[in-house]
Protein chains: 2
Amino acid sequence: MSPLKVVHVGLGPIGLAIAEAVAGSTSVVSVAAVDPLLSGRDLGELLGGPATGVTVTAELDEALAGRQTDVALHCTGSQLARVEDQLHALIGRGLSVVSTCEELSWPWFHHPDEAQRLDTAAKAAGVRLLGTGVNPGFVMDLLPVVLSGVAARVDSVVVHRVVDASTRRLPLQAKVGAGSSEAEFRERAARGALGHMGLVESVAMIAAGLGWGVDEIHQALDPVLADAPIRGAAIAVEAGQVRGLHQVATGSIGGQRKITLDLVMALGAESPGDTVVLEGVPPLEARVAGGIHGDIATVAAVVKALPRIGRVRPGLLSVLDLPAAAARSESEI
Amino acid sequence: MSPLKVVHVGLGPIGLAIAEAVAGSTSVVSVAAVDPLLSGRDLGELLGGPATGVTVTAELDEALAGRQTDVALHCTGSQLARVEDQLHALIGRGLSVVSTCEELSWPWFHHPDEAQRLDTAAKAAGVRLLGTGVNPGFVMDLLPVVLSGVAARVDSVVVHRVVDASTRRLPLQAKVGAGSSEAEFRERAARGALGHMGLVESVAMIAAGLGWGVDEIHQALDPVLADAPIRGAAIAVEAGQVRGLHQVATGSIGGQRKITLDLVMALGAESPGDTVVLEGVPPLEARVAGGIHGDIATVAAVVKALPRIGRVRPGLLSVLDLPAAAARSESEI
């Protein structure tokens, strides 16, 4: 089978890491790349290797000109309102899209109009559109839904994710508010400049995956303050300053809480790990000690989605639609 | 949507538990049942409730006569050679089949001829055929494959499952050899009368799910002996007698071990639980403390597969083909 030809749209830290993973793959090949900030650069050189002849362009049409391309790997932003036009442009050029846009992971609840438009466009073009990553896309949504597949009855879902941001890249440490005052944190949180994106989408995805008609989804975002100074991370934090965030999203039916997603991302966070608890019959608790590494996992989730999207009908998809494996079950293993 | 109409084929402990789960479901309804040992009995009464008018028959055609039926829930045996004719009979009557037959969970490696025949028949009839359950079907195969979806690179897979058989039904306690002498255990193991079925199928499924061309699959089965007498379980065990089994299946490529499935099922087994270890980048270890309850989970896996098989093309399927959720991702949640 000839390798899948991809165009990279957006070459920030995650976009570049995805390009690096593609460079190491035999089933996918990079044929084009778009990023206005890196226009004119060679993609291979950007990855610290030899030139590959794939020159980053500022405009999509320039990147695609004369190249047969199958799928776009889209990593330009978290908010659907800001990237919807980009997604339509890619779909309009006959490309399937796998995107790290958090709000695309489950857009049907919070962005039904955008979801409807994108689904209609993707179906008309005969292409697939998927938002994925580690979170949203795996640890706080797909994983509990998969685990529910062996539960006779699920009464409620609780997922805890604790990430020690000290071990993560600088932009993430900044994203969780590390080093700011509590007042700054709350001001930035209020205008949406801070916090984890996609948590409310994960709640909606779990609800759909369990067949629950959740009618209310709420979210709270609070700072985690340092008791003592924190050194050694990319950002120094004094006692009393913010060392991270505590974000909780809940889903309820008729006033009864059914889904709780509890996320701590902080410098020096204790007992990092992912824990999925399904209350019901039988009760079930799964834990990944240390937690699933966010950046590596997001890159893997994107790359591993590529051979699977083609197994699902065209349109706007979620990770709940994908089969577990790339290949059809067949005689050859 | 009108409920899916099912015929139960085989009403042993698991078959009856599945019928009970169906009785409690609004999306599936039992319309017929076949089991020579229970012929003439009312299915509802067998479940300890009021009569439902579904009378168990000895023969399939008698059960189906005059009834529109969509799917057969097949629970008559573990070995494909013994149930293949039954499966063809069901397929030949236009029924999709979800079966607990362990060797059907991944038949392509160890039973390629049977797999080919069943796949051809199912495609010709336009129906789906799936083997599933907790193990094989979930904890030692699907779960590691799902977890690999966020790994950049997997070098090897190790799954440990420890089941305290004291907490399980009598047939399972007998199946693990409890109460026998070591010599009896080894004699029964040698003629295949004892042991967990499906472990080698799980190895083959993981290999396929990870895209590995495993060329050798081996299995070893040993007794676990009691140091002291064990009381309280359905089967009493004296010191020196067998209290359970230790079964290990491995998959290798070119002599290098890539997959290890390690299963202990014994009375008084310590630290029961399921642990999935993916060596690679990043290393990942997930643990379900206490373990996933076998019988309940098998029943749930079968019932929850029902609304999902229709989303995959006709033919012989595995759980790796199924989407995580029953419903398509859509605007309504």
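Every chain is numbered from 1, with letters handed out A, B, ... down the list of sequences. These numbers were taken from a predicted model, which means no experiment stands behind them.
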(request) Taking all heavy atoms of Leu320(A) and all of Pro323(B), pick out the closest pair and write down the distance. (result) O-CB, 3.4 Å

(request) To the nearest 0.5 angstrom, please state how far the CZ atom of Arg287(B) sits from the OG1 atom of Thr275(A). (result) 13.0 Å

(request) Hey, could you give me the NE2/CG distance between His293(A) and Leu284(B), rounded to the nearest 0.5 Å? (result) 12.0 Å

(message) At a 4.5 Å cut-off on heavy atoms, which part of Val299(B) comes close to chain A: side chain, backbone, both, or neither?
(response) neither

(request) Check whether Ile292(A) gets within reach of chain B through its side chain, its backbone, both or neither, counting any heavy atom under 4.5 Å. (result) side chain

(message) Tell me whether Lys304(A) contacts the main-chain N or O of Ala151(B) through its side chain, where contact means a donor paired with an acceptor under 3.5 Å.
(response) yes

(message) I need the residue from Thr298(A), Val288(A), Leu210(A), Leu316(A) with the largest number of non-hydrogen atom pairs under 4.5 Å to chain B.
(response) Val288(A)

(message) Give me the atom names and distance for the closest heavy-atom approach of Gly209(A) to Ala325(B).
(response) CA-CB, 4.0 Å

(request) Measure distances from Leu147(A) to the heavy atoms of chain B and classify the residue's part below 4.5 Å as side chain, backbone, both or neither. (result) both

(request) Below 4.5 Å from any heavy atom of chain A, which atoms of Ala301(B) appear? Answer side chain, backbone, both or neither. (result) both

(message) Show the nearest heavy-atom pair for residues Ala324(A) and Val146(B), with the distance to one decimal.
(response) CB-CG2, 4.2 Å

(request) Mind listing the closest non-hydrogen atom pair of Asp321(A) and Arg311(B) along with its distance? (result) OD1-NH2, 2.6 Å

(request) Kindly give the heavy-atom pair with the smallest separation between Ala300(A) and Val150(B), and that separation in Å. (result) CB-C, 3.6 Å

